[in-house]
Every structure is written in C-alpha cells, then in structure tokens.
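Okay, so here's the structure we're looking at.
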Amino acid sequence: LWSAPLVLTAPVQGIPIPFPGTESLNKFNTQTFFARYEKDKWMVAGEHSRLPVSGAIAVPYVLNEPVRVDYEAWYGMVSYKLTDKLTAGVYDTQSFDHQAALGPARYVKDWAINAHYDFNQFLYAKVEEHFYDGTLVGYDTTLNPPTASLPTGLEPNTRLTILKMGVSF
C-alpha cells in the first residue's frame, strides 16, 4: 500500500496548505511489451502496456472516494530513411482508461506524420503533425483554460504542429 498526504494549494500562489487527508494506492504491476525491427532503410516498432490501479482518496469526515483506473496504451510506428540525413515516418499512439465513463475523456488517439533531418551526428531538426482524438492525456491547459462548454479546456479533436531542434550525444 502506498500513501501520501494531500496538499491544498491556496489562492495565493506558492503557499501550500496541508490538510488531514491521504491518497492511498494498492500494490500494482504493469507489463510492457516492446518490439523493434530494422531492415535496410525501414524501421518498424511497437509497444503495449497496461496499468490497472485501485485505491482511495480520504479526508476525515468529508471524503472517502475510491480511485480506480485501468490504463492501456500502445503505439506502432514506421519510418523510412529517404537519404542519409532525412527520415520520414508515421505513428499511431492510443491510450484508454477502461474504468472511465464512455466519451472523449476515456481515451486519446494520436496519429502523427513526421520528418527528421540530421544536420550532423549531434544536431537535428524535426517536424511533426499530430491528429488527436479524445482528451484523456494531461495537456497543459494554460492556453486553453476550462470553460462551461469545454470543462477540460481541450477540444475532443485537436491538431498540433511541432517544430523541434535538438542535440543528441
């Protein structure tokens, strides 16, 4: 059994207020399977995992709420090396909470297409276009705050373009 104290964030930013409550999780195991195959200019990979968790959130005399989640996630990807420096790919990632109510908050499905360019052995650039369906994932909603019509601050269908430069060593 895992247990931790709960902390309430005060209206004044940065001042945590401890209150008498705990979040407890029962022991759990997760299995993850991964495979990758490369031949010539092709690479194919996939992964699957499942994480069933149960527990409770308890505040004396106020709340004793059971917590049950059953996350299942997988992805598959394929890439092709167009040149020595340029690789194109596509992948599909899906996550589900089998304990959640039906609807877009129960899942997220992400199809993406991408291109990766290696300037040299250390510096690269990457562009991705994502097509999301569902709102299960925990995005930072600062730019899309919750409203009455969108209680999570997320659209059930989201498009996202990412441009990235990076260093690998």
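Across all non-hydrogen atoms, the minimal contact from V108 to G134 is CG2-O, 3.9 Å.
Counting heavy-atom neighbours within 6.0 Å of K85 NZ, excluding the residue itself, gives a total above 12. Around atom CZ of R36, no more than 12 heavy atoms belonging to other residues, nucleotides or ligands sit under 6.0 Å away.
Partners of E128 by side chain to side chain donor-acceptor pair (under 3.5 Å), not counting sequence neighbours, listed by chain and number: Y91, K126, H130. Every residue meeting the side chain to side chain donor-acceptor pair (under 3.5 Å) condition with D118, not counting sequence neighbours, appears here in chain and number order: H116.
Y71 is not connected to L102 by any chain of hydrophobic side-chain contacts under 4.5 Å among Ile, Leu, Val, Met, Phe, Trp and Tyr, and they are in different clusters. Using a 4.5 Å cut-off between side-chain heavy atoms of Ile, Leu, Val, Met, Phe, Trp and Tyr, with links allowed through other members, L86 and L123 fall into the same hydrophobic cluster. Y124 is not connected to F169 by any chain of hydrophobic side-chain contacts under 4.5 Å among Ile, Leu, Val, Met, Phe, Trp and Tyr, and they are in different clusters. In the hydrophobic cluster analysis, where Ile, Leu, Val, Met, Phe, Trp and Tyr join through side-chain heavy atoms closer than 4.5 angstrom, W74 is grouped apart from V90. No continuous path of hydrophobic side-chain contacts links L163 to M165 [ILVMFWY only; heavy atoms under 4.5 Å].
At least one side-chain heavy atom of M43 sits less than 4.5 Å from a side-chain heavy atom of M77. Put simply, the side chain of V127 does not reach to within 4.5 Å of the side chain of Y117, judged on heavy atoms.
To the nearest 0.5 angstrom, D97 atom CG is 13.5 Å from Y107 atom OH. Put simply, CG on D92 and OH on Y75 are 12.0 Å apart, with the number rounded to the nearest 0.5 Å. K109 contributes atom NZ, which lies 5.0 Å from atom CZ of F96 (distance to the nearest 0.5 angstrom). Atom CD of residue Q31 and atom CG of residue L51 lie 11.5 Å apart, to the nearest 0.5 angstrom. Rounding to the nearest 0.5 Å places CZ of F122 at 7.0 Å from CG of N120. To the nearest 0.5 angstrom, F33 atom CZ is 10.0 Å from S49 atom OG.
Residue pairs meeting the salt bridge (Lys or Arg N to Asp or Glu O under 4.0 Å) criterion with at least one member in residues 51-77, sequence neighbours excluded, are R50-D70.
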